[in-house]
Structure formats: C-alpha cells, structure tokens
2 protein chains.
Amino acid sequence: MSRERVTVIDIAHAAGVSKSTVSLVLQGSPLVNEGTRARVNAVIRELGYVYNRGAANLRQSHSKSKIIGIVVNDLTNSFFAELAVGVDMVVQSAGYVQFLSNTGESVDRQREVIASMREHGISGLILSPARGTEAADLKTLVASGIPVVNVVRQVAGAKVSSLVSDNRTGMHEAVRHLAGLGHGRIAFLGGFPDTAVFADRLAGYRDAMVAMGLVPQDDLVISSAPSRAGGVAAIERALVLNERPTAAVCLNDAVAFGVCDGLRAHRLEPGSDFAVIGFDDVIEAQTAVPALTTISVDPQGMGRRAAQLLLKQINAGNAEAEAVVSSVRLVVRQSCGAASDKRERLALL
Amino acid sequence: MSRERVTVIDIAHAAGVSKSTVSLVLQGSPLVNEGTRARVNAVIRELGYVYNRGAANLRQSHSKSKIIGIVVNDLTNSFFAELAVGVDMVVQSAGYVQFLSNTGESVDRQREVIASMREHGISGLILSPARGTEAADLKTLVASGIPVVNVVRQVAGAKVSSLVSDNRTGMHEAVRHLAGLGHGRIAFLGGFPDTAVFADRLAGYRDAMVAMGLVPQDDLVISSAPSRAGGVAAIERALVLNERPTAAVCLNDAVAFGVCDGLRAHRLEPGSDFAVIGFDDVIEAQTAVPALTTISVDPQGMGRRAAQLLLKQINAGNAEAEAVVSSVRLVVRQSCGAASDKRERLALL
DNA sequence: TGACAAATTTGGAACGTTCCAATTATTTAG
DNA sequence: CTAAATAATTGGAACGTTCCAAATTTGTCA
C-alpha cells in the first residue's frame, strides 16, 4: 500500500539540480535563482513530495521543530477547551502544530505526557499545571532550554513565564459590586485552598470586604472542588449556617452554576433570592438562565496571548521568565440581581 | 542555556557498551543480558538522557512515530472537547501523543493542518471533517498508507473508516417518544441541509412520523446553523407558522439550548409549554434547567472507540476501511415534559 | 578581453537513531 | 576437552534533511 517515500534527492534528480539546492528552495532561501526555484517547486508538487520534519529536526536546533505542547489539567472544562482553541489559532498561523494533552489533575500523567512531548522535540510548552505540581517537575525541562509558559496556575519557585488573570482585582470587583447592591453577608464559595488561584481570589475577596467596611468571616469561606458538583456542595453548607449569606462570589463559573442548581433545590431563585457571581465568563455564562454575572477573563484571548508569549520566547532564544497578569472585567448579567435586571424582571410580572 | 544533548553514544560510552546495545535496551529487547540492561538504565537515568524519537523515526517505518492527529471542525463545541478527551485517554496509554487542531469548519485550514501533521509523520488521523470536505481531500493521505478514521461526519466516496452515531434510529426514538406523549405537530429544527448528519437525522424523523401515523410536513423542517444561535433562529421561525408545532426534535443539543432560549423569549417554558429534545447528550444537558431530554451518544466513549479503531488499523498495517455505527439511546429528562417530570413539577407548585 | 565581484550551485559531513550481518563470549553435549 | 549451539555484543551503513566550505556560473568594469 504505502509506496516508498519521495525524498529531496528524488526531487533534485527530477529537477536536475543538487539536493542542496532543493533544500534551499524548501527553506525559501533568497540565494536561489527564481527560475530554478520555480522548476523545483513544480517538481515538488508533481511528485507529491512531503517534507520530513523529523529528518530536518535532527540537523537543526531544538527550537525549530515547529511543535509546541499544551497540557491542561481539565479539558472537559470548557474554559480550557476555549484556551486550547486560542492557542491553536496563533500557533497554527505561525506554522506550528500543537500536541494537546489532558492530565485530569494527575501529576503522574502530567509527568508522562511532558516526557513524551520532550521525546518528540517540542520547541515550547504551555502548561496549566495539575494540582500538586512542583517546581522540581519542570526542572529538567527548563534546564534543557525549552521555554515554558504556565497559564492559569503558577508553580511556586519555577523559573518559567506565566500568564494568569488578575484574580485579586477581579474578585475585588465582584465583591464590591455585591456590596454596592446592599449585600452584607457575602460568601466565598468553591476551590481547593492549596491552590494559588484560590489564594489570590480569596485575597481579593477579603480586600474588598474590608474596603467596603464589611467583616470577612471565616465561616463564609467554603472550599470545595472547583466544579459544578462542588458548587452544589458548597451552597448546601452555606445555607445551613446560622446566619445565611445573601450573596456569593464563586471560585469559577462551574462552581457558580452548581450554586445556582443548589439554590433551586432549596426553592431559591438565583438572581432574585440570592445573588451569585462567577469567574471566567465561559461561553455558557451568557446564555444560561439566569445569565451569569461573572468576571470575564476571555479564555480564548488568554490562549492567544499565552501562545504569543511562548512564540516570543522560542524566537528570542532564551528570554527571561516573564510574569504577565491579564486584566479582567466584571460583566453584570442577571444572576446577581443587579438593578437593571430587577426592572426587567418586574416588567415581566 | 541549553547544554548539549545526551545521546545514545554518551550512554554507551559511560556504561562501557556499544551504542547498539543501548539501542537494544531502549527497545526493551530480550536479547540483552539483565546485568547490562540494569547498568545501562542506571546510566540513562543518571545522565538525564531523553530519547530522540525524530531520529528513531528516520530509520523506522512511518507507522511507529507514536503520534496520531486529531482534527475537529469545532473545538469550542463541548461535544468535540469531550471527544478529544476520550481519544487522548486511549492514545496516551498506548504511548502515543496527539496533535490536536481545530478547523472551525474551514476546509482550507483543514488542508493546512493535515499537511502539517503529515510532515511531522503522524501514524494515523482521526478526523471530524469540516463542512465541504471531499474525498479528494483525503486522497493523498490514504494513498500514503496512513489510516484515517472519520468521526461524526462521513465523507462520501473516501475509502476511510468511520465511526458515526446511529443518527437515524436516535431521531426515530425521539420522535416516537414525543408522539407517545400526545404531540402531533413536531418540528425538526436546526442543521445545514447539505450535511450527512442532517440527512440521516431528518430521515429518522420522517420515518418515525409516518410510523406513528403523523404527517411530516415540510414547513416543520427548519434548518439553521447547528449552534445555539441557530436554535434561537429556528424556533423563531417555527413560532410564526400558521399552525404552531407543540414540540421539536433538534439537530443537536446546542440547537436545543437555543430553542429553549428562544421559547423563553416568547414567554414559553420549555418542558411544560413546549417539548424539546436534543441530540448528543453533552455534559450540560443534564445540569441545564430544565434538564434536556436528548439522544445520548457519549462523546467521550466515541472518542475512545475511534482511537481504538485507529490504533487497530495502525497496528494491522493495512486493514480494510471499516464503518461502525455507534448505538445511541434516548435519555428522558425534563425538557420534553415527560410524565414523571410532570408529577415532580406539580409537586413543586 | 581579462580580472574581479557577485550570484548560484554543489558535494560531503553531520544529526541520533535502528537494523543487519558479523563477531565474541558463554553453555551444552558428546 | 572440543565442537556445536546459544547468548550477547558490536561496528558500520542507512534514514532524509541541513549546513558549510568550496566550486562554478554569471555579470561588471576598465
């Protein structure tokens, strides 16, 4: 079935030039005569030649493999799917192709896939590290000069670039908005306490509480898995407190959706009976009912930026690690029961 | 920064054996003495050697690159994200790594990414073809002996394996269920008429209509983009018909969600005022409000099966193209206003 | 036209692995 | 103890490209 491969030598032969010339044409070198170039290109098309990057990589530097890796901790979360799409867009148009793997929060799996990607010679890696990833896990990778950009989560002590959203400011905004609507008992729901994201967002929550003259009570901070199911669990616990909160900021949109589910299970309507704000602005946030008020981080844009950052580092040879924080903005929709929506809601009744 | 690479020769030297022996160890050959193997492995770890698959591929057959490609037409659709996760699971544990690309329904982009993947020497490809893909687009790929498995959509005339869900039977089930609930005017909403998926599902709809003694009227078949926005548009058009439908089967879940949105915009509550059934059973289907009655195709399982099929073909050398249709089942939830849910609904009032 | 410069082309040595045939070391059988 | 068989190891060619230094062709100017 598989007829034998057409190589650069076959092309050279058919075009009546040397393999070196063909190679030059392949690389778009300006050194070759226009006529020759045309002839070679014609033969290439005619014989159906396909470039063998493996062979080329053997001779060239590491950083020219035109492969980047992207490994995320949970691809079923649409935030990461979006992120991957963003990355794909920019690497694709830069002529790269991406290895994508999902770790499902397993550091073992993560170690394996990164090792596998290294064997294949990736020029760079975009990583949303699994929970529990340590700087040591990235040690050999960075030592070998492969640029790494961490997204979403940082790894303490790792000398790699990172792109995270402005978690603290974002959560600050969310709390301020709720306080502005008159809420005093605002809960912080969801997330694993040992993650940087949790810490940052919680810090923003606390900042804002004191800034708005409220008391950040520890029992209003309820951690859980950062998932829809986690959200349900968290609101369950919040609703049995002696002094129930009247509003909540959630670690992310998934948790927020779960919180809405949980509220309904208790005959409470999110938006009118209880205000909830998410974080991320995943696609479903705007179409859900009620539409979710959330902090928009534009996952696809974040993917694009991460890819650009990575490509910059790849091309720069050995740029310094760079930490960029991506700004976020509050998107007010219905789930927080904002004034404008209240009017609309009343009009319906 | 990047210190020079450790090669098999360095290992050989340090372990006091020849490079051939090291190579044998790397491949887990039984020909090498246990003592030697242990010594070599120790050195490998010690020097931090990383296997260079590019070099190995140069010498080995095409089919051993341990890379498979997966290209989908819309990664932002969580159906495909799920599918990719399924594929990743099985290829990962088979020691493969996957190139993943998104075409966004562009055949040009698709052509580019497939070409790029070929250059990198993929051993096989899982493809959910962009709209408008023709058999000719896959011609060179299959001619070069690279196994291809089409998923979700087939490409007429292409001699490649395919894995599609049983669209016809699934839609048949959906319609029969609605008819059983007493609905007579059932619309078929969403999808582009020039796709095989549309044709199959529509056929199932028509089958079932006549089987249930109903008349399949053409004005009840309303095509649109197979997206949430398309669903909104489709239901808009359905609601201005002289004789409004009272229920709808939708091309997929995305359309169904859009239909629900559109219904609410007209003060109609999906589930009680109008029955809607989707297709795919994406993750959100069970947590949405109302939970979506839909035809479950288990996207992740489908990804796993596609990957298994592909790996089988890769290992077989040159297996025949195989067309497998994956069975589906109706999952009754709230959006169709099924009896069990009506009771629950009444209890709430 | 000759000399020099510029433009183009080229052979061969790498790159890091696998594979083959051949070699050497170790057992086993007689 | 030797021959044959078996186990283990090995050097070198090959894979398809790029890179370098050198060679060849073409063009320019006096």
Side-chain angles (χ1 to χ4, degrees), chain A residues 2-41 43-44 47-67 116 118-121 123 144, chain B residues 2-41 43-44 47-67 116 118-121 123 144:
Chain A
S2 56
R3 45 23 153 86
E4 61 197 34
R5 253 201 241 276
V6 178
T7 79
V8 91
I9 303 206
D10 300 320
I11 305 295
H13 199 253
V17 296
S18 75
K19 60 179 169 43
S20 303
T21 303
V22 177
S23 173
L24 257 11
V25 170
L26 254 18
Q27 307 172 63
S29 161
L31 272 59
V32 11
N33 180 286
E34 274 315 313
T36 317
R37 180 194 307 281
R39 187 153 34 98
V40 170
N41 277 327
V43 175
I44 284 179
L47 299 194
Y49 166 76
V50 351
Y51 185 65
N52 184 332
R53 266 177 208 281
N57 287 173
L58 202 49
R59 199 67 183 85
Q60 293 179 312
S61 129
H62 228 336
S63 65
K64 306 188 82 172
S65 71
K66 294 290 188 179
I67 303 178
S116 177
R118 278 191 78 187
E119 293 185 353
H120 283 285
S123 333
S144 65
Chain B
S2 55
R3 62 322 195 96
E4 60 198 35
R5 255 201 239 275
V6 178
T7 79
V8 91
I9 303 207
D10 300 323
I11 304 295
H13 198 253
V17 295
S18 78
K19 60 181 170 38
S20 304
T21 303
V22 177
S23 173
L24 258 11
V25 171
L26 253 19
Q27 307 172 63
S29 162
L31 273 58
V32 10
N33 180 288
E34 274 315 315
T36 317
R37 181 194 307 282
R39 188 154 33 99
V40 170
N41 278 326
V43 175
I44 283 178
L47 299 194
Y49 167 76
V50 352
Y51 184 67
N52 183 332
R53 266 179 208 281
N57 287 174
L58 203 49
R59 200 71 183 81
Q60 291 179 312
S61 131
H62 228 338
S63 64
K64 306 187 81 171
S65 71
K66 294 291 189 177
I67 303 179
S116 177
R118 278 192 78 186
E119 294 184 352
H120 284 285
S123 329
S144 65

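From a predicted model like this one, the values you see are computed outputs, not experimental measurements. Chain letters run A, B, ... following the sequence lines, proteins first and then strands; every chain starts at 1.
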Legend entry - Any T21(A) side-chain N or O less than 4.0 Å from OP1/OP2 of dT9(C):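 So the side chain of T21(A) is outside the cut-off, no N or O lying under 4.0 Å from OP1 or OP2 of dT9(C).
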Inset, instruction - Would you indicate, yes or no, if dC19(C) has its OP1 or OP2 atom less than 4.0 angstrom from a side-chain nitrogen or oxygen of Q27(B)? - result: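 Yes, such a contact exists.
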pair [X]-[Y]: side-chain heavy atoms closer than 4.5 Å:
{"X": "V25(B)", "Y": "N41(B)", "answer": "yes"}
{"X": "R39(A)", "Y": "T36(A)", "answer": "yes"}
{"X": "Y49(A)", "Y": "L26(A)", "answer": "yes"}
{"X": "I67(A)", "Y": "R53(A)", "answer": "no"}
{"X": "N52(A)", "Y": "T7(A)", "answer": "no"}

Legend entry - Whichever of G54(A) and E34(B) has its nearest DNA chain D nucleotide further upstream toward 5':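 Nearest-nucleotide comparison on DNA chain D picks E34(B).
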Once rounded to the nearest 0.5 Å, what's the spacing between atom [atom1] of [X] and atom [atom2] of [Y]?
{"X": "S144(B)", "Y": "R5(A)", "atom1": "OG", "atom2": "CZ", "result": "9.5 Å"}
{"X": "S116(A)", "Y": "Y51(B)", "atom1": "OG", "atom2": "OH", "result": "11.5 Å"}
{"X": "S123(B)", "Y": "K64(B)", "atom1": "OG", "atom2": "NZ", "result": "10.5 Å"}

For [X] and [N], what is the distance between atoms [atom1] and [atom2] respectively, to the nearest whole Å?
{"X": "L31(A)", "N": "dC20(D)", "atom1": "CG", "atom2": "P", "result": "12 Å"}
{"X": "N33(B)", "N": "dT26(C)", "atom1": "CG", "atom2": "C1'", "result": "11 Å"}
{"X": "K66(A)", "N": "dT17(D)", "atom1": "NZ", "atom2": "C1'", "result": "16 Å"}
{"X": "L24(A)", "N": "dA7(C)", "atom1": "CG", "atom2": "C1'", "result": "12 Å"}
{"X": "L26(B)", "N": "dT17(C)", "atom1": "CG", "atom2": "C1'", "result": "9 Å"}
{"X": "H13(A)", "N": "dT10(C)", "atom1": "NE2", "atom2": "C1'", "result": "15 Å"}
{"X": "I11(B)", "N": "dT18(C)", "atom1": "CD1", "atom2": "P", "result": "13 Å"}
{"X": "Q60(B)", "N": "dC19(C)", "atom1": "CD", "atom2": "C1'", "result": "10 Å"}

Legend entry - Proximity to the side chain of T36(B) - top-ranked nucleotide from dG11(D), dT9(C), dA8(D):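 So the nucleotide nearest the side chain must be dA8(D).
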Each nucleotide N or O in nucleotides 12-15 of chain C that has a protein N or O under 3.5 Å away: list the pair and distance.
unit_1	atom_1	unit_2	atom_2	d
dG12(C)	N7	K19(A)	NZ	2.9
dG12(C)	O6	K19(A)	NZ	2.8
dG12(C)	O6	S20(A)	OG	3.4
dA14(C)	N3	R59(A)	NE	2.6

Inset, instruction - Decide whether S18(A) and T21(A) meet the rule of one side-chain donor and one side-chain acceptor closer than 3.5 Å. - result: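 Yes - a donor-acceptor pair under 3.5 Å links their side chains.
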What are the atom names and distances for every N/O pair under 3.5 Å that joins the protein to nucleotides 24-26 of chain D?
none

